[in-house]
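Take a look at the structure below.
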Amino acid sequence: MSSRRGQLATRWHRDRVLLVLAVPGVIVLVLFHYLPLLGNVIAFQDYQPFLGISGSDFVGLSNFSVIFNGDPEFLNALVNTLIITMVQVLFVFPLPIALALVLNSMLNERAKRLTQSILYLPHFLSWVIVVALFQQMFGNGGMLNEWLRSADLGTFQIIGVPELFKLLVTSQVIWKDTGWSTIIFLAALSKVDLNLYEAAAIDRASPLRQLWHVTLPAIRPVIVLLLILRLGDSLTVGFEQILLQQGPVGAQASEVLDTYVYNNGIIGGNWGVSAAVGLVKGFVGVVLVLGANRLAHVMGERGVYSK
């Protein structure tokens, strides 16, 4: 017992500078991430802002009735969220991997860095600007349709069409974040042992086989880790992005869980119901992370954390 305390004291003394530097971050994390979790108690109350948490009546699980009883508006938001999630997992998640592989294969370093800088740029634009750019490009009076009119080629409508809304938001996410998401994969690719490629070349492995048997296995732990984290955040599909474009297409096509919480809580005043939906959403995210991490362990991967 004394030896363990001695080791702990030694570590504290050795890492004291890092621990002191971490204190502000820990304080911010506790104040703005963990303490606000106590506010989830309003999910079990008929919360009234002018009465506060202490003055609002406790109503048990009645706020969760929209979930248990299948409220049509909630189910519509849930279905839209799941569809957008599946589309983005299938099409958005693999693109940074493919793009990172292409960038990693570029031999000209100057061209590679220039390409990376161009691809990173959209990430730093706010969703307000991104949505405005798409409207200016593809709206009914946008540059594309104006050019088609001038060429007597007819026009087509993308912005404001409910049937195309999910594809629209997915394309916006791809344009905005694919380049930025390559950073982690490029870092993982830089750690791949070059001797493995040389050995594969000696064995006359084609570039495709080198990709399949050397490159992808080397970055597989990173892919699994990011996929698990993406599943934990799967029910969050872009609140600001969708809210900015919800008006023209209507709630039936665009309402997701985040906008449902906002429209019912902040706008509609149903604070308890919104908190209940948000609480269940967070709980499902935790379950998905734990389940996916467990599956990763079964498949021999480290996942988010070790056993």
Assess the residue pair Leu235 and Leu82 against the criterion (side-chain contact (heavy atoms from CB on, under 4.5 Å)); give the C-alpha distance rounded to whole Å, side-chain angles, the decisive distance to 0.1 Å, and a yes or no.
CA-CA 7 Å; Leu235 297 183; Leu82 293 176; 3.9 Å; yes
Kindly indicate, with the supporting measurements, whether the criterion side-chain contact (heavy atoms from CB on, under 4.5 Å) is fulfilled by Asn63 and Gln45.
CA-CA 8 Å; Asn63 288 327; Gln45 294 180 321; 5.5 Å; no
Could you walk me through whether Thr178 and Val173 satisfy the side-chain contact (heavy atoms from CB on, under 4.5 Å) test, starting with their C-alpha distance in whole Å, then the side-chain angles of each, then the deciding distance to 0.1 Å, before giving a yes or no?
CA-CA 7 Å; Thr178 298; Val173 171; over 6 Å; no
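Side-chain contact, Gln245 with Gln135: no donor N or O sits under 3.5 Å from an acceptor N or O. Side-chain atoms of Ser274 and Tyr262 include no donor-acceptor pair closer than 3.5 Å. Between the side chains of Asn263 and Glu255, at least one donor N or O lies within less than 3.5 Å of an accepting N or O.
A salt bridge between Arg209 and Asp203 is absent, with no side-chain N of the basic residue lying under 4.0 Å from a carboxylate O of the acidic one.
Closest non-hydrogen pair, Leu257 versus Thr81, comes out as N-OG1, 3.0 Å. Minimum interatomic distance between Ser254 and Gln246 (heavy atoms only, all atoms of both residues): OG-CG, 2.8 Å. Contact between Ala200 and Val214 at its shortest, heavy atoms only, is CB-CG2, 4.4 Å.
By the neighbour-count criterion of 12 heavy atoms within 6.0 Å, atom CZ of Phe68 is densely surrounded, having more than that number from other residues, nucleotides or ligands. Summarising the local packing, CD of Glu146 is surrounded by more than 12 heavy atoms from other residues, nucleotides or ligands at distances under 6.0 Å. Counting heavy atoms of neighbouring residues, nucleotides and ligands inside a 6.0 Å radius, atom CZ of Arg113 does not exceed 12 of them. The local environment of CE in Met143 is sparse, with at most 12 non-hydrogen atoms from other residues, nucleotides or ligands closer than 6.0 Å. Gln157 CD: more than 12 foreign heavy atoms inside a 6.0 Å radius.
Under the 30°/60° scheme for interplanar angles, the aromatic rings of Phe134 and Phe138 are found to be tilted. Using bins of under 30°, 30° to 60° and over 60° for the plane-to-plane angle, the ring pair Tyr120/Trp180 lands in the perpendicular bin. In this pair, Tyr47 and Trp271 present their aromatic rings perpendicular. The plane angle is above 60°, beyond the 30 to 60° band.
Distance check, rounded to the nearest 0.5 Å: NZ of Lys176 to CD of Gln241 gives 9.0 Å.
Each of Val222, Ile219, Ile184, Leu103 was compared with Leu189 under the side-chain contact (heavy atoms from CB on, under 4.5 Å) criterion, and only Ile219 meets it.
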